[in-house]
Amino acid sequence: KQMRYGVFYVTLIIVLFILISQLLSPDKVMPQFMQYLSRITPMYYSTSALREVIIKGTNFMNFLYELIILAFYSIITLILGILLSKKRIE
C-alpha cells in the first residue's frame, strides 16, 4: 500500500517538473513566478543544455553552467540518499 502511494507521488512530481521545465514550451511564455519555480528543478537545466547542443550546436563551454548545476543536484541527491539509507539500515 505504501509503495503505491510512493509511485503516485513520484509520478506526480515528475509530471509537474516536465510541465514547468521548458520541455514542452519555452519558459518565456510562462508567468514570471513559474519561471522562477522552474529554475529550482534539475530538468530545467538538462533541457536547457540539450537545447544548446541540439538547436544551437554550441560547444562545451556554452553549457558548462548547466552541467555544473546538474552536478550539484546529483551530489546533493547522492548525499541525501546515503543519509536516508543509513537511517533505514540502523
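Starting from 1, each residue takes its place in the sequence as its number.
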Subject >> Closest contact, heavy atoms only, Glu52 versus Asn62 >> reply: OE1-CB, 4.2 Å
Original post:
Gln35 and Arg39: which non-hydrogen atoms are nearest, and at how many Å?
Top reply: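 Result for this residue pair: O-NH1, 3.0 Å.
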Measuring from [X]:[atom1] to [Y]:[atom2], what's the distance to the nearest 0.5 Å?
X     : Y     : atom1 : atom2 : value
Ile82 : Thr77 : CD1   : OG1   : 11.0 Å
Ile20 : Leu24 : CD1   : CG    : 11.5 Å
Ile79 : Leu84 : CD1   : CG    : 12.0 Å

When hydrophobic residues are tied together by side-chain contacts of less than 4.5 Å, even through go-betweens, does [X] share a cluster with [Y]?
X     : Y     : value
Leu70 : Tyr65 : yes
Leu19 : Val29 : no
Leu50 : Phe63 : no
Leu64 : Val53 : yes
Tyr44 : Phe33 : yes

Got a sec, which residues hit side-chain hydrogen bond (donor to acceptor under 3.5 Å, both in side chains) with [X], two or more places apart in sequence or on another chain?
X     : answer
Tyr45 : none
Tyr73 : none
Lys28 : none

Original post:
Taking the side chain as C-beta and beyond, is there a heavy-atom pair between Phe72 and Ile68 under 4.5 Å?
Top reply: no
Subject >> Pairwise side-chain contact, Leu67 with Phe60, heavy-atom cut-off 4.5 Å (strictly under) >> reply: yes
**OP:** With sequence neighbours excluded, tell me which residues meet side-chain contact (heavy atoms from CB on, under 4.5 Å) with Arg51.
**Re:** Gln22, Ile55
Original post:
Among all residues two or more places apart in sequence or in another chain, which pass the side-chain contact (heavy atoms from CB on, under 4.5 Å) test with Ile14?
Top reply: Val10, Ile18
**OP:** For Phe8, enumerate each residue passing the ring-ring contact (aromatic ring centres under 6.0 Å, His included) test, keeping only those at least two apart in sequence or located in another chain.
**Re:**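 Here no residue qualifies.
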Original post:
For the side chain of Ser21 and the backbone of Thr47, is there at least one donor-acceptor N/O pair under 3.5 Å apart?
Top reply: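 No; judged by distance alone, with no hydrogens or angles, the pair does not exist.
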